[in-house]
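See below for the structure under consideration.
Computed from a prediction, not measured in an experiment: that's the story for all the values here.
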Amino acid sequence: MNPVGSDQSAPPVARRGRRWLGHALRWVIGVGAALVAFNALFGRRDELAGALTTLEQIRYQWVFFAVVAELASIGAYAALTRQLLRAGGVDIGLADLSGITLAANAIQNSLPAGPAWSTVYAYRQFRRRGADAVLVGWTLAISVLIAVATLGAIALVGLVVSENQAASLDLVRVILAVALAIVLLVVAARRGLVSLPGRRAAVFIVAACQRVVHGPRGNPAELVGGVFDRLRAVHLTKRRLAAAVAWSLANWWLDLTALALSFAAVGSLVPWRGLLLAYGAGQLAANLPVTLGGLGVVEGSLTIALVFYGGDQEATVAAVLLYRIISFWMMLAIGWTAALVIRLRTTQREGATAP
């Protein structure tokens with residue numbers, strides 16, 4: 001399947017040249033954006049002086065465990081994706097999926113309009129590994145829905161554990177609104193795809209797209225019918241759905257463990273009572289399209305909430321900074337490395353199969 005508007009009449013060498021130019025531009029933009037964000041974070045040295053002093057006395061054994069927990073969280077999300085792909089009859093190795101997850105995460109957190117780029121990247125990687133377009137689209141949508149739903153559940157638990165003091169941080173209405181939105185999305189996902197109104201709405205959307213962007217080509221009713229037929233062949237059993245939800249929870253809990261271990265690494269007690277709520281709020285902030293990867297927003301929301309619940313100010317800033325170094329900057333470097341390795345392997349495979 002070729003992108004709409006692609007120039008199939010161009011010589012193969014020219015097409016390869018444009019692809020490499022596109023990849024080079026994305027790498028330049030990504031590295032540039034990461035450097036700008038890094039400079040913005042560390043530009044205010046006076047406010048970080050106390051935290052940096054605390055980091056000088058870091059306990060590296062706890063840093064090691066935090067890094068292991070963060071990498072394991074990536075593997076858990078890859079396992080979630082694998083469960084959904086298996087429901088459609090496609091089995092991709094966990095190592096491959098972990099590499100794709102790392103690369104997509106780096107793209108999302110370092111490029112402008114990162115979520116769109118990372119979705120396109122994951123889509124192409126899954127397609128290369130044998131998944132059809134409908135299954136890939138369904139997998140990407142449902143994985144995000146499950147991840148957001150489980151994060152919302154964690155935030156709600158944090159709301160209860162915080163003993164109603166979340167009202168002082170103006171988080172109650174936000175978290176409840178997110179929880180309501182999650183419920184509505186789940187209901188829409190379960191009923192919308194199988195109902196006649198849902199099918200009619202899909203036909204209307206496809207017809208509207210054809211009028212506006214002149215694609216996809218074909219009869220809208222037949223196109224939608226084909227998609228629905230493929231979706232009916234996806235067997236997401238209760239057992240597989242439970243496994244996917246469990247892996248999603250593991251993804252968040254392992255990432256949260258990395259945050260808790262960061263407190264141990266700087267020699268500070270963890271403010272347990274506010275940890276779940278602060279983490280849920282911070283992760284929700286990370287998904288707001290304000291800065292790349294929620295840079296600055298996550299650090300601020302986590303620090304304010306954790307200090308409010310009893311965390312020492314300098315130690316909390318140091319712990320949150322260490323957590324973000326591990327979960328953001330380190331994952332960014334590993335993710336782009338994974339993207340490069342995947343690209344080189346793809347080029348080698350294409351070269352080996354070329355006539």
Side-chain angles (χ1 to χ4, degrees), residues 38 41-42 48 50-80 94 98 101-102 105-106 109 147 150-151 153-155 157-159 161-162 246-287 293-335 337-338:
F38 186 87
L41 178 63
F42 288 93
L48 294 171
L52 294 178
T53 301
T54 303
L55 286 175
E56 291 176 358
Q57 303 171 0
I58 198 168
R59 302 174 182 180
Y60 288 100
Q61 67 271 28
W62 293 111
V63 175
F64 171 78
F65 291 126
V67 170
V68 171
E70 192 61 38
L71 289 172
S73 74
I74 295 294
Y77 193 87
L80 156 65
L94 191 58
S98 296
T101 302
L102 281 165
N105 181 67
N109 288 331
T150 49
L151 176 61
I154 290 173
V157 172
L159 199 63
V161 174
S162 66
W247 282 117
S248 182
L249 284 170
N251 165 56
W252 294 120
W253 280 108
L254 287 165
D255 186 56
L256 178 61
T257 299
L259 173 60
L261 290 170
S262 296
F263 276 89
V266 300
S268 176
L269 295 175
V270 182
W272 293 108
R273 189 159 56 88
L275 187 65
L276 281 178
L277 181 63
Y279 178 79
Q283 289 300 330
L284 290 172
N287 290 283
L295 193 61
V297 179
V298 176
E299 290 84 349
S301 60
L302 273 175
T303 302
I304 291 171
L306 290 172
V307 169
F308 178 84
Y309 282 102
D312 176 77
Q313 185 169 346
E314 288 188 359
T316 299
V317 172
V320 170
L321 181 58
L322 175 60
Y323 162 71
R324 288 291 279 171
I325 289 173
I326 294 171
S327 65
F328 183 84
W329 294 107
M330 188 188 76
M331 291 298 115
L332 209 63
I334 295 175
T337 302

Worksheet item: Roughly how far apart are Phe328 CZ and Leu321 CG, rounded to 0.5 Å?
Response: 12.5 Å

Worksheet item: Less than 4.5 Å apart, any side-chain heavy atom of Val67 and any of Met330?
Response: yes

Response to the item:
Between the CD1 atom in Ile74 and the OG atom in Ser98, the distance rounded to the nearest 0.5 Å is 8.0 Å

Item to complete: First locate atom OG1 of Thr150, then atom CG of Leu249, and finally report the distance between them rounded to the nearest 0.5 Å.
Response: 5.0 Å

Item to complete: Could you tell me the separation between the CG atom of Leu256 and the CH2 atom of Trp252, rounded to the nearest 0.5 Å?
Response: 11.0 Å

Worksheet item: So, do Phe263 and Leu322 sit near enough that their side-chain heavy atoms are less than 4.5 Å apart?
Response: no

Worksheet item: How long is the span from the CD atom in Glu70 to the CD1 atom in Ile334, to the nearest 0.5 Å?
Response: 9.0 Å

Discussion item. So Ser327 and Asp255, do their side chains get closer than 4.5 Å, heavy atoms only?
Written reply: yes

Discussion item. Testing the basics here: between Ala258 and Tyr323, what is the closest heavy-atom pair and its distance to 0.1 Å?
Written reply: C-CD1, 4.1 Å

Worksheet item: Taking side chain as C-beta onward, heavy atoms only, is Leu71 less than 4.5 Å from Leu254?
Response: no

Discussion item. Please give me the minimum heavy-atom distance between Leu151 and Gly280, naming the atom from each residue.
Written reply: CD1-CA, 4.2 Å

Worksheet item: Looking only at heavy atoms, which two atoms of Ala265 and Val63 are closest? And how far apart?
Response: CB-CG2, 3.8 Å

Discussion item. I need the minimum non-hydrogen distance between Ala333 and Thr337, along with the two atoms involved.
Written reply: O-OG1, 2.8 Å

Worksheet item: Taking all atoms of both residues into account, what is the closest heavy-atom pair of Leu261 and Ala69, and its distance?
Response: CD1-CB, 4.5 Å

Item to complete: Evaluate the side chain to side chain donor-acceptor pair (under 3.5 Å) criterion for residues Tyr77 and Asn105: first the C-alpha distance (whole Å), next the side-chain angles of each, then the deciding distance (0.1 Å), finally the verdict.
Response: CA-CA 11 Å; Tyr77 193 87; Asn105 181 67; over 6 Å; no

Worksheet item: Looking at Val266 and Ala319, what are the two nearest heavy atoms and their distance?
Response: CG2-CB, 4.0 Å

Discussion item. Quick check for you: to the nearest 0.5 Å, what is the distance between Thr101 atom OG1 and Asn251 atom CG?
Written reply: 9.0 Å

